[in-house]
S.K.: 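Pasting a structure below so you can have a look.
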2 protein chains.
Amino acid sequence: MAEPDFILRENCPQRRIHYILNGKWTSMVLSVLSYGPMRTGQLERALPGISKKMLTQTLREVESGGLVHREVFHVVPPKVEYSLTPLGIRFVEPLSALYDWAKDNAAALDELEDNLRRSAEAASKQGE
Amino acid sequence: MAEPDFILRENCPQRRIHYILNGKWTSMVLSVLSYGPMRTGQLERALPGISKKMLTQTLREVESGGLVHREVFHVVPPKVEYSLTPLGIRFVEPLSALYDWAKDNAAALDELEDNLRRSAEAASKQGE
DNA sequence: TAATGTAGTTACCATTTGGTAACTTTTGGA
DNA sequence: TCCAAAAGTTACCAAATGGTAACTACATTA
């Protein structure tokens, strides 16, 4: 019953960092904001497929975490600008690394998805 | 209506890499396997809190993606060993970077969680 | 004879998650 | 007078997700 040398305990940093990876959009919102402050509409257009609901929900979450600052300009029509806080900037660092890796390794992502497709086909042939 | 310079399109690598981050346990399983081949029971003990169901489910998924190799030893009681494939090794690279960052920045994670706690308290005071 | 160890499956359930569509607010402009 | 623009909220719903607990298989061992 050899215990493994490496245990990812319940509250280890490796698990806790998943906070910013949990939501479908969280890490993408942070990543986009790393290019500078942005208005709501710009964020919306930078993330094709996101709904108004998910955008505001995600922004409220990262704001609660102190990662993003929300600045309201009291004008009509409304203007709201979001930007990373210093803490947010720190958290974007590992995300950028992750995304840079992804851009440099698109071929590996292709391979992964080919494998998944093939194994899904094989599974459906079984069911016939 | 200034279009943002940075658009994370539906099928860009930055979005696609989320495959290995989607499941609650996927990235952790890969990370643990980066230390070498392991038997099911060892994996289970390396990931406190995981259930048998989620462990096998996650292993089947990464196996389908070609990230992990499953080797069955035909003995009694059963013995099965999991190991990273070459493709899996490539995918662990950015995960290790992410987890290394987390280990080096536990203080930032503390700060994040403090903020969340505080804002949750403030929200519940509202509701009284 | 019955329990043990190892890997895995299955049925079932509760919660979470994310999505859609309609609605609100305010003021300047056609 | 009525619409547009921007940011946001709300009600509602379907699907995905993850968890528990009980069950299987089978040779060895007590």
S.K.: Quick check on contacts: within residues 16-36 of chain B, what sits under 4.0 Å from DNA chain D by heavy-atom distance?
M.R.: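 Within this stretch, B:G23, B:K24, B:W25 sit under 4.0 Å of the strand.
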S.K.: Could you pull out all residues at least two apart from B:E71 that satisfy side chain to side chain donor-acceptor pair (under 3.5 Å)?
M.R.: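 B:E71: no side chain to side chain donor-acceptor pair (under 3.5 Å) contacts found.
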S.K.: Using whole Å, what does the distance between atom C1' of nucleotide C:dG19 and atom CD of B:E10 come to?
M.R.: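 So the two atoms are 14 Å apart, to the nearest Å.
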S.K.: Can you measure A:E44 atom CD to D:dA7 atom P for me and round it to whole angstrom units?
M.R.: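 So the two atoms are 8 Å apart, to the nearest Å.
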S.K.: To the nearest 10 degrees, what angle separates the axes at the start and end of the helix from C:dT1-D:dA30 to C:dA30-D:dT1, five pairs each?
M.R.: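 It comes to 30° between the two terminal axes.
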S.K.: What is the separation between atom CD on A:Q42 and atom C1' on D:dA6, rounded to the nearest whole Å?
M.R.: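 Interatomic distance, CD of A:Q42 to C1' of D:dA6: 12 Å.
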S.K.: Please report the distance, rounded to the nearest Å, between CG in B:L59 and C1' in C:dT6.
M.R.: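 Taking atom C1' of C:dT6 as the reference, CG of B:L59 is at 14 Å.
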S.K.: Residues of residues 66-84 of chain A with any non-hydrogen atom less than 4.0 angstrom from an atom of DNA chain D: list those, numerically ordered, please.
M.R.: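 Of all residues in residues 66-84 of chain A, the ones placing a heavy atom under 4.0 Å from DNA chain D are A:R70, A:P77, A:P78, A:V80, A:Y82.
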S.K.: Determine which pairs satisfy ring-ring contact (aromatic ring centres under 6.0 Å, His included) with at least one residue from residues 33-90 of chain A, sequence neighbours left out, and list them in order.
M.R.: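 ring-ring contact (aromatic ring centres under 6.0 Å, His included) check on residues 33-90 of chain A returns A:Y35-B:F6.
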S.K.: If you check the A:T40 side chain, which of C:dA7, D:dG8, C:dG8 turns out closest?
M.R.: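 Looking only at heavy atoms from C-beta outward on A:T40, the closest nucleotide is D:dG8.
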S.K.: Separation of B:Q57 atom CD from D:dA16 atom C1', in whole Å?
M.R.: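 After rounding, the reported distance stands at 11 Å.
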S.K.: What residues in residues 47-56 of chain B put a non-hydrogen atom under 4.0 Å from any atom of DNA chain D?
M.R.: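 The stretch gives B:S51, B:K53, B:M54 as the residues lying under 4.0 Å from the strand, ordered by number.
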